[in-house]
Amino acid sequence: MKTVIVTGANGNLGSAVVKKFIQQGFFVCGTSLHPSKTGDDPSSDMFEQTIVNLEDEVESEKFIHKIVEKYHTIDAAVLTVGGFAKGTISNTTTADIKKQYQLNFETAYNVAKPVFEQMMKQGNGRIFMIGSKQGLSPKKGKGVVAYALAKSLLFRLAEIMNAEAQGKNVVTSVVIPSTIDTPSNREGMPDAQFENWVKAESIANVIYWYCTGEASAIREPVIKIYNNA
């Protein structure tokens, strides 16, 4: 049985990823800051939840080491934890930047680093981090400075990890969704055209496909999932 790590397993995107991989026969090791309802799923014997503070490097590393001790390999990791904040240059402080850095970059790096080390040892694996249009394009970072800066680091991290993994079947990708169709986003943007947004289930489907043999030859560092947005 293959093993996948999903951080933020009880979030809108995380829960969709958990369900997709369970349906495909993966054992899912999920993280959250609070207990998840995913355990109510009839396939919950394929899911293990751990409460982890991913901003804590030591705690995150211990979590990964326990998974390796128990399941021996990590086939994929989907790192969905993150957060959004608005702010222009004039009203963004270094404290704001630090907060977004911790939430969007450190939570990814603290898991990606030990996962990457394990995948390099076993010679295969797929890591997915969740980027953003604002992190990809500096011009789109207007009005969300701290968020854009933090997300931009994920792209550089993926490039460095892929350079280190050259010659091995270990690939790190950054998934860029457009606006995800969630209840909170609908509430916050009631006049938007929801049909143009991307559903969490669609993102989960794409991520899973990149873990299949059909995608084994792809070394794609940036995966854009925009729908019509």
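Heads up: numbering here begins at 1 and tracks the sequence. All values below were derived from every heavy atom in this structure, side-chain atoms included, with hydrogens, water molecules and symmetry-related copies excluded.
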Would you please name every residue forming a side-chain contact (heavy atoms from CB on, under 4.5 Å) with L136, sequence neighbours left out? F155, I176, K224, Y226
For T88, which residues count as a side-chain contact (heavy atoms from CB on, under 4.5 Å) partner, sequence neighbours excluded? S90, N91
Taking ring pair (Phe, Tyr, Trp, His ring centres under 6.0 Å) as the cut-off, I'd like each qualifying pair that reaches into residues 103-122, sequence neighbours left out, listed once. Y101-F105, F105-Y109
Quick one: which residue pairs count as a side-chain hydrogen bond (donor to acceptor under 3.5 Å, both in side chains) with a foot in residues 182-193, not counting sequence neighbours? D181-R186, T182-S184, T182-N185, Q193-N196
Quiz: residues 120-129 side-chain donor-acceptor pairs under 3.5 angstrom, not counting sequence neighbours:
| unit_1 | atom_1 | unit_2 | atom_2 | d |
| --- | --- | --- | --- | --- |
| Q122 | OE1 | I74 | N | 3.3 |
| Q122 | OE1 | Q118 | NE2 | 2.9 |
| Q122 | NE2 | I74 | O | 2.6 |
| Q122 | NE2 | N124 | O | 3.0 |
| N124 | ND2 | Q122 | O | 3.3 |
| R126 | NH1 | N169 | O | 3.3 |
| R126 | NH1 | N169 | OD1 | 3.2 |
| R126 | NH2 | N169 | OD1 | 3.1 |
| R126 | NH2 | S216 | O | 3.3 |

Ring pair (Phe, Tyr, Trp, His ring centres under 6.0 Å) partners of residues 159-182, not counting sequence neighbours, each pair once: none
Pair listing, ring pair (Phe, Tyr, Trp, His ring centres under 6.0 Å) test, anchored in residues 166-206, at least two apart: F194-W197
Once side-chain contact (heavy atoms from CB on, under 4.5 Å) is applied, do any residues pair with Q24, and if so which ones, sequence neighbours excluded? K20, F26, Y208
Excluding sequence neighbours, so at least two apart, what forms side-chain contact (heavy atoms from CB on, under 4.5 Å) with K62? V58
Quick one: name the residues clustered hydrophobically with I160, using the 4.5 Å side-chain heavy-atom rule over I, L, V, M, F, W, Y, and just say none if it's on its own. none
Inter- and intrachain pairs under ring pair (Phe, Tyr, Trp, His ring centres under 6.0 Å), touching residues 69-97, at least two apart: F27-Y71, F84-Y147
With sequence neighbours left out, which residue pairs that include part of residues 92-105 fulfil the salt bridge (Lys or Arg N to Asp or Glu O under 4.0 Å) condition? none
